[in-house]
Amino acid sequence: MPELPEVESYRRLAERTVGRRVGEVQLRDRRYLRGGTEPDELQQVLHGAQIAGARRIGKLLVLDLGDAGAGRRLGVRFGMTGRLQVDDQLGVDRLLHASDRLEPAWQRFAVRFTDGGLLAVHDPRLLGGVSLDPDEAALGPDAATVTPAALARALQGSTTALKARLLDQSRLAGVGNLLADEILWRASLAPARPAGSLSPAELRRLHRRLHQTLVELLERGGSHLGELVPHRTPGGRCPRDGGELRRATVGGRTTWWCPTHQR
DNA sequence: ATTGTGGCCTGCCCGC
DNA sequence: TGCGGGCAGGCCACAA
C-alpha cells in the first residue's frame, strides 16, 4: 500500500508535469472528491492552470498551481490501492494488497494536459481521493526529515500505544502500517509500549531506525521491501532471532512483532 | 482534548 | 466450479 516511499515515487513522477498546462479534467466518480471539494470547483480551478510544483508531506501529494489557478493547490491521497500515472508511466510497479491490473474503470481522476499528456490516479477501492487546498497544517512533521527532538515531541506525554502514535498522521506524517511494524522491529521496541514511556536512549534508537528504514526503502522504492514484511504471515519467524512472530491488533491495525527482542 | 471504534470501498483468496 | 465470507488498511466521522 502506498506509504511514504511510494508517495515519494509518485511525487518524483509528478514532477514531470511541472510547467504543463491543464486542459480537460476527468472525474469519473464524484465519491473520489474529498474535503468538501465540488466537481464544478475542481473543474474551474484546474482548467487552464499550470502545474507549478510537486510536493509531498507524509502520504499527501500536493500539486501547486500557477497561472489561472495561482495560489491554489491540488491534494492527492492514495489510500492503500491508489496508483499515479503520468503519461504512459506508472509510479510504482507493485503494490501489496492491490491488484496489478489497470482496469479503465479504476481510473478515478485524470487531467489531460494541453501538450497531450496525462496525469491519472487509479484506485480500485476508492480509499484515496483528491481535494483542492488540502489542510497541510493538520499533518505532523514528515517522517523522512523529522528531527530527533520533533519525534520525541510527537511521542511524549502519551499513554497510547507507541505504534498507534506513529500511525497518527497529525503527529508524524508518512508512516503506515507496514512501515510502523518494520521500524519498531528494527528498533527492538514493542508496538504496545506506551508512546511516552521511551527512555532517551530508546528515542534515539527509534529515530535512527526510522531514518535508516526510510532512506533504505526510498531507495528500494517500496514500503513492502523491508526485512520484516515477508514474514508478516501465520507461522512467520523473526529474521533476526528465529522466534515465532506474534500477531495482534494494535492501534486498530494488524500488527506483527517479535516478542523475543522487541521490548 | 485524547483515544478508540466502525464504516467506507472492492479485489482477492480460501474453504466448502 | 462457483460462491460466500473474511481480510487487507488509509482515512474520516463519531463516540466515549
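Bear in mind the structure is a predicted one, so any value in this text is a computation, not a measurement. All chains are named by letter (A, B, ...) in the order of the sequence lines, taking the proteins before the strands, and each is independently numbered beginning at 1.
Take the nearest nucleotide of DNA chain B for A:Arg125 and for A:Arg171: the residue whose nucleotide is more 5' is A:Arg171.
Note: A:Tyr10 and A:Phe78 have tilted aromatic rings, judged against thresholds of 30 and 60 degrees for the angle between ring planes.
Separating the CZ atom of A:Arg232 from the C1' atom of C:dC7 is a distance of 13 Å, rounded to the nearest angstrom. Across the protein-nucleic acid pair, A:Leu127 atom CG and C:dC11 atom P stand 10 Å apart, rounded to whole Å. Summarising the geometry, the separation between CZ on A:Phe78 and C1' on C:dA8 is reported as 19 Å, rounded to the nearest angstrom. A:Glu6 places its CD atom 13 Å from the P atom of C:dG9, with the value rounded to the nearest Å. Atom CZ of A:Arg108 and atom C1' of B:dT10 are 9 Å apart (whole Å). As a whole-Å value, the separation of A:Arg83 CZ from B:dT10 P is 17 Å. Atom CG in A:Asp135 sits about 14 Å away from atom C1' in C:dC11, given to the nearest Å. Atom CD in A:Gln169 sits about 17 Å away from atom P in B:dT2, given to the nearest Å.
Note: A:Gln169 CD to A:Ile57 CD1 = 11.5 Å, rounded to the nearest 0.5 Å.
At the phosphate of B:dT10, neither OP1 nor OP2 sits under 4.0 Å from any side-chain N or O atom of A:Trp106. Phosphate proximity of C:dC11 to A:Arg34: absent, as no side-chain N or O sits under 4.0 Å from OP1 or OP2. The phosphate of C:dC7 (OP1 or OP2) has no side-chain N or O of A:Arg253 nearer than 4.0 angstrom. For C:dG10, neither phosphate oxygen OP1 nor OP2 lies less than 4.0 angstrom from any side-chain nitrogen or oxygen of A:Thr81.
If you run side chain to side chain contact (heavy atoms under 4.5 Å, CB included) between A:Leu228 and each of A:Leu178, A:Asp181, A:Ile183, only A:Asp181 comes through.
Checking C:dC12, B:dT3, B:dC9 against every side-chain atom of A:Arg165, the shortest atom distance belongs to B:dT3. Each of C:dC11, C:dG9, B:dG11 was ranked by its minimum atom distance to the side chain of A:Met80; first place goes to C:dG9. In the set B:dG4, C:dA8, B:dC9, B:dG4 carries the atom at the smallest distance from any side-chain atom of A:Thr160. Checking C:dG10, C:dA8, B:dT10 against the side-chain heavy atoms of A:Thr254 singles out C:dA8 as nearest.
A donor-acceptor contact closer than 3.5 angstrom links the side chains of A:Arg240 and A:Ser188. When only modelled atom types and interatomic distance are considered, A:Arg209 and A:Thr213 share no side-chain donor-acceptor pair under 3.5 Å.
Within the nucleic acid shown, A:Gly252 has no heavy atom closer than 4.0 Å to any nucleic acid atom.
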